[in-house]
Amino acid sequence: MEPTDVAVSEDQQLSADPLPFARSYQLEALETALKQNTIVYLETGSGKTLIAIMLLRSYAYLLRKPSPYIAVFLVPTVVLVTQQGDALMLHTDLKVGKYWGEMGVDYWDASTWQQQVDDHEVLVMTPAILLAALRHSFLQIDMIKVIIFDECHNARGKHPYASIMVEFYHHQLTHESAQLPRIFGMTASPIKSKGASTAHSYWQKIHDLENLMNSKVYTCSSESVLAEYIPFSNPKLKIYEHEDIPCSLFNTLAHDLERLKEKHECSISKSNLSAMSAGSARRRLSKLHMAFLFCLSEMGVWLAFKAAEFLSFEENDFFSWGEFDACAQTIVRDFSLGASKIFSARLPSGPHWSIGGDIQANADAGYLSSKVNCLLESLLEYRDQKDLRCIIFVERIVTAIVLRSLLNELLPERSGWRTEYTAGHVSVLQSQSRKSQNKIVEEFRKGLVNIIVATSILEEGLDVQSCNLVIRFDPSATVCSFIQSRGRARMQNSDFLLMVRDGDDPTLTRMQNYMASGEIMRQESLRHASIPCSPLDDELYDEPCYKVESTGAVVTLSSSVSLLYFYCSRLPSDGYFKPNPRCVIDKETETCTLQLPKSSPLQGIISVQGKRKILKQLACLEACKQLHRVGALTDNLVPDIVEEEIINKELECQIQTVEESKYFPPELVSHCSNDSEAVYYCYLVEMQHASYNDFELHGIILAVRTRLKCDDEILAFDLDVDRRGLLQVQLNYSKVVTLTAEEIRRCQRFQVSVFRILLDRDLSILQDALGAVQSPIGSAVSDYLLLPSLGSTPEINWKCVNSLLFPSQALGDKHMDWCSTQDRKRSVNTKNGLVCSCMLENSLVFTPHNGYIYCVTGFLDKLDCNSLLGMRTGESITYIEYYKKRHGINICFEEEPLLRGKHICKVHNYLQRSRTQKAKDSTDSSVELPPEICSLIMSPLSISTLNTYSYVPSIMHRIESLVMASNLKRMHLDHCTLNVPIPTATILEAMTTKKCLEKFHLESLETLGDSFLKYAASIKLFKTYENHHEGLLTVKKTQIISNAALCKLGCARKIPGFIRNEPFDLKAWIIPGDNSQVHSFDEVLLTSSDKMYSRVKQKIRSKRVADVVEALIGAYLSSGGEVAALSFMKWLGVDINFVDAPMSRHFPMNAEKLVNVRYLESLLHYKFNDPSLLVEALTHGSYMIPEIPRCYQRLEFLGDAVLDYVVTAHLYFKYPGLTPGLITDLRSASVNNECYAQSAVKAGLHKHILHASQDLQRQICSTVEDFDKLNLDSTFGWEAETTFPKVLGDVIESLGGAIFVDSGFDKETTFQCIRPLLEPLVTPQTLKPHPVRELSELCDQKGYIRKKDVVSRENGIAYITVEVEANGVVHKSTCSGRDKLIAKKVASKNVLKSLKECPSNATEQ
């Protein structure tokens, strides 16, 4: 069978695209690879990667995007992904993607892989990734034009290289229309085994590789061709005489180690370790024991001591402990420490002895082995070598570690050489990070490191070109290992030393065969170059499999076990059991039975028959088939939860910050026109001080061109106005008025003048503003009128509106209506000239000498400029003298009565909570003003009118917000009908965040809405997906209730524009009619019938949008009940219906045999219609018996949501009017696993849990003992000082879920049954803050210095030190616990107690 040619269209011909510096043999190999599938067999360092790069360059025109095709470059190790990917990017312009397991590729779906194909032309990856992608049909073999197999000698057995070829390439090979990729393999040795005895057997192994790869081997005709370009090392055999360490010393140490091992095995038996942890600890002890004996016999006492010393250091996280129990870790480390003491006791001590003092004597004494001595002698022979770069290859990691220690002890003084080690992945010992390995190799290249002691990781993998000496401390296990390690000596005149023990003839013969093997393999490959590849045996690629027709995804017999275990690993679990399948093989009947964990939808026993060797695989394959048929495995044969999680991740990545238009009510905006008159809808804004009436407040008429959508209800609210207490404001619709264009202009000039004077107190700004009252025709501007009313009537006070005299009016003949009837009529000299005295009473005047504006309330008839003015110094001078001396003003009309003036009141943000209130306001005091220094601005305008207008900006901001809330409510009501009115103020509360600094914000409603949304979503999912496990239900729930999901829904309904997320800013407030401010509005269409206006954009975090959505749900729920909340959710896009749908449960069982049904029913005050629910609610996942098909996880999922909602709603409605945040604190103190766990123990429910976990039983007993000591009156709050197993809290939730389902989803019944277990419930009076939070707030409030917490962990116990410095006194507490959070809580509680009891702090309390 000829190797397959690549499929190209007739008008396309592949042509070589060589690099200019390519060597002759590289070009020859390229030409061969273009014609047929090829394995390039060349020495290490001969440039095989460059041939692969040139091949990809030749295929580039088929790969360039938007081509759907790709090339794949496979490498056997992760370190090579980056190395080969970088080489590709250096020598080609192809788009290269690099992939390895830690990137999370195991959890990618088809769309993610398609994105990689769309974005890249060459994918560099480890073979397991490609194999998985092909098996799951994320990638197809026919979309790949070229596959490069680096180190292709690995293609054998079940290696991913072999599986890719067997399962996908050879399956398609027999199809005439198959589009198969070009195969290109690279190797320094086509044989990976121990070699062969004859040339024919060499050829047979090469031929096997050729058949598997469907490729022919290309190699150079002789080594001399390569010798022109690359140097070859000189192989040298180093024979050493093996001498055992003294027998008595070895026996003594071996005996002591055995006793030490027995002692620690006894410790394991006496410990409370679970059977699994104890077994793991024993196996690890045994491996360490064997490792120490190996070091002792092979390398001597000193190196055995170094091994034990290294492994006993806790900071050397050398073990990949995984989920290894902390107690077991301690026992194992103690064993290493004990071993180091045993070895140390047999070594000389004192300052005059060192291992390097007399090497031969130390070897004779057994401190160093003869093998190690040989290594040292060999190295020292090269002490005169300039720039030594040596790699010492060893078999075991521990050998590499201790040799590094020895060489760094001896060589720096003798030769100045520095040694490092590098090692790869193993099962027990922790491997170095890739970063560490790369750093060592880089230092080796630069000469900072001279010697690397390495395992096989440097045989193939990292590119180390600067090596001039290679020593095989341990002989190569295979031909491939020999050739690759020899090839690491890449420099001219380099040596390759093979250490072989004297008399070890088999090893010596093997090494000699290895040295000759390269030429034999070359000649055999050349001699058989014309022999075609043979078809694979049917047995190799016809193994049983299951294929999904719709996608092409396949699971084979060999991949079924890993797929099933991967599926089970994604099932819910806790620290007390792993959800693995149980497999029982009956060798006599050749039958295998398999049972999946309880959270799997397959609860029946799977039974298969077949050959004993593959029974487990057959059972796993059958389980995979059935899991796919029930939907637990998707059509791509990945666990259903994986695809659901990907949806969530994509959603989370989509939205982080929302930038949306900030809406302004359309009722307050209009397009400017030149109409002669306009209709206005008038609303009377009435104000009244709740407890203070020192001055009269007038009504304000709000006149708008469009009727407000919220005028179907009375809008009332309060403002906090300093010392005067609350100001009660109410808005009522009054009537319609028609105003002429001139009247509108006068109204606008009036309101602009009043607000500019109040806000700026600068006449130059006012003059600019009055000059810009007229807006451009057609522009959308803030257009409404704020006019003074006649008293509390809805009539416009036109006299006040017409009061503006600025910038210039002739005032000589102007009078008030009442002037002619008063005896006080007289002319007064002012800056405006002679003015009737009636014009000055209740007026605004401007004094140019100091730039102030005053409100004149009347004349001081008994005072003139000759009167005395009391100074702060105590002296008295006349007003004439004061103005002359202080301001340089000569008073001319000294006998005219002075005016009584008052400062203009300051305008504040009266919406802000906790606003600083001044004890005295300068606006309360009066000043005396000579009329001749005053310029009249407005008249008549009373001080009460001006004070009234000072509140208007805050009032209008609140009205704007309420109108916005009404618009949002209207958008919902336009699409559905609600019989229950939802107060606009409640909607506004839901729209208002904490950042607004107002008295109300969304937190309480958010807490309520969050609990209801979780409750509704959980019910829907529980009913809809009856066979989904809790993990999958949780992921699906996240898709509904996550911040990202809610933000997306909120954005779709344009909610971000309604959100109030910043405090009211007086400076940014738009004065209606003032067109000197640039504030043109843009129209924003929300729906076909709804529009808003926007002037600016605002950025809001996605979580904030989600919070508002939850708060709006809470607003509808609190006012309109569940029907209203569900209606709003449906409008949002969350369609949940509470209509009861019958749930089918077919779990026949005798519940009384499994649990004490009568007792539990009496405890819960509930009789179950279906007692199987009670059994399910008490069954832990570890309790795997066929009679109970499910564990409690699904019911816990439901019960968690139900209890959260009913408790939250109970607290919310029982304690109305709570400050925002307090309801959240009450909920947090009541609804948490710790409180539930305490309730479970208090009720004795722990005695009824069905489980099969020793760890769980041990922890429950310990918890119950600690709980009894606490003697708590209540279970809410934060009093517990011990960690409770989560299972205990879960059971409360699962029982709640069971009652909820059994009662026909009746939440009230559920609450009444579970409530007694939780009593007494928390109240605002009994609520205590969490100690951590209380301490933090106390430090912030008092200015105490909070030090950073000190956290440590030992033997699985967390230790936390909390420290605070208060008034020079340090208060510190260190606490420990299995749970770090519990330890921190208790330590914070202790520090709080110390702070409160400290006398130096008592005065501050």
Side-chain angles (χ1 to χ4, degrees), residues 662-673 675 677-687 698-711 715 717 729-756 758-759 769-770 772-789 794-798 800-801 948-967 984 1064 1066 1068-1077 1079-1083 1091-1095:
K662 184 177 180 181
Y663 299 150
F664 192 81
E667 296 94 325
L668 304 182
V669 175
S670 70
H671 294 271
C672 298
S673 66
D675 296 341
E677 61 182 26
V679 173
Y680 280 88
Y681 297 89
C682 295
Y683 295 81
L684 180 61
V685 181
E686 296 179 279
M687 289 168 260
H698 297 308
I700 298 289
I701 294 172
L702 168 63
V704 295
R705 297 204 183 195
T706 306
R707 189 159 180 172
L708 303 181
K709 292 182 180 177
C710 58
D711 63 7
L715 296 184
F717 51 89
V729 182
Q730 187 167 305
L731 179 73
N732 290 301
Y733 176 68
S734 174
K735 62 180 180 179
V736 177
V737 298
T738 301
L739 301 178
T740 66
E742 174 56 28
E743 287 174 329
I744 294 170
R745 189 185 73 83
R746 280 187 282 145
C747 291
Q748 289 176 336
R749 287 174 62 82
F750 166 78
Q751 66 190 25
V752 168
S753 300
V754 170
F755 288 124
R756 277 289 163 217
L758 284 169
L759 294 170
L770 291 174
V773 168
Q774 188 62 40
S775 302
I777 301 299
S779 59
V781 294
S782 172
D783 182 21
Y784 56 93
L785 303 176
L786 292 163
L787 307 175
S789 70
E795 300 299 325
I796 299 172
N797 186 342
W798 283 106
C800 199
V801 170
T948 300
Y949 269 87
S950 71
Y951 299 135
V952 168
S954 296
I955 291 171
M956 277 312 301
H957 182 72
R958 175 59 55 80
I959 290 173
E960 288 170 15
S961 301
L962 286 165
V963 173
M964 290 293 299
S966 178
N967 276 287
T984 302
F1064 172 45
L1066 278 167
W1069 184 63
I1070 299 171
I1071 298 173
D1074 181 1
N1075 295 299
S1076 64
Q1077 299 173 295
H1079 67 266
S1080 180
F1081 288 89
D1082 298 318
E1083 190 174 290
K1091 69 177 179 180
M1092 286 286 159
Y1093 285 92
S1094 171
R1095 187 170 60 93

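Since the model is a prediction, treat every value here as computed from it, not as a measurement. All heavy atoms count here, side chains included; hydrogens, waters and symmetry mates do not.
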What distance do [X] atom [atom1] and [Y] atom [atom2] have between them, rounded to the nearest 0.5 Å?
X: N797; Y: S789; atom1: CG; atom2: OG; result: 7.5 Å
X: I1070; Y: D1074; atom1: CD1; atom2: CG; result: 10.0 Å
X: Q751; Y: Y949; atom1: CD; atom2: OH; result: 7.0 Å
X: L785; Y: L739; atom1: CG; atom2: CG; result: 6.5 Å
X: I796; Y: C682; atom1: CD1; atom2: SG; result: 5.5 Å
X: I1071; Y: Q748; atom1: CD1; atom2: CD; result: 12.5 Å

*Identify which one of Y951, F1064, F717 satisfies the ring pair (Phe, Tyr, Trp, His ring centres under 6.0 Å) criterion when paired with H957.*
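Option passing the ring pair (Phe, Tyr, Trp, His ring centres under 6.0 Å) with H957: F1064.
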Would you say [X] and [Y] make side-chain contact, with heavy atoms under 4.5 Å?
X: I955; Y: I959; answer: yes
X: S1094; Y: F664; answer: no
X: R707; Y: V736; answer: no
X: V685; Y: L786; answer: no
X: D783; Y: V669; answer: no

*Mind running side chain to side chain contact (heavy atoms under 4.5 Å, CB included) on V754 and L758 for me, showing each step along the way?*
CA-CA 6 Å; V754 170; L758 284 169; 3.9 Å; yes
*Hey, are R1095 and D1082 close enough for a salt bridge, meaning a charged N less than 4.0 Å from a carboxylate O?*
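Salt bridge flag = no for D1082 with R1095.
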_Residue pair Y784, R705: steps toward the side chain to side chain contact (heavy atoms under 4.5 Å, CB included) verdict_ = CA-CA 7 Å; Y784 56 93; R705 297 204 183 195; over 6 Å; no
_Taking every non-hydrogen atom, the tightest pair across Q730 and N732_ =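 Result for this residue pair: NE2-ND2, 3.0 Å.
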_Closest heavy-atom pair and its distance - V801, F750_ =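 Nearest pair, atom of V801 first, then F750: O-CB, 3.5 Å.
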*Show your reasoning for whether side chain to side chain contact (heavy atoms under 4.5 Å, CB included) applies to T706 and Y680.*
CA-CA 7 Å; T706 306; Y680 280 88; over 6 Å; no
_Run the side chain to side chain contact (heavy atoms under 4.5 Å, CB included) test on Y663 and E960 for me, step by step, so that the C-alpha distance in whole Å, both residues' side-chain angles and the decisive distance to 0.1 Å come before the verdict._
CA-CA 10 Å; Y663 299 150; E960 288 170 15; over 6 Å; no
*Y733 vs Y681 aromatic rings, parallel, tilted or perpendicular, using cut-offs 30° and 60°?*
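The arrangement is tilted - the two ring planes meet at 30° to 60°.
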*Determine yes or no for a side-chain-to-main-chain donor-acceptor pair under 3.5 angstrom, with Y1093 supplying the side chain and S670 the backbone.*
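It does not hold such a pair.
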*Spell out, as yes or no, whether a donor-acceptor pair under 3.5 Å connects the side chain of T984 to the backbone of S966.*
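No, because the side chain of T984 does not come within donor-acceptor range (under 3.5 Å) of the backbone of S966.
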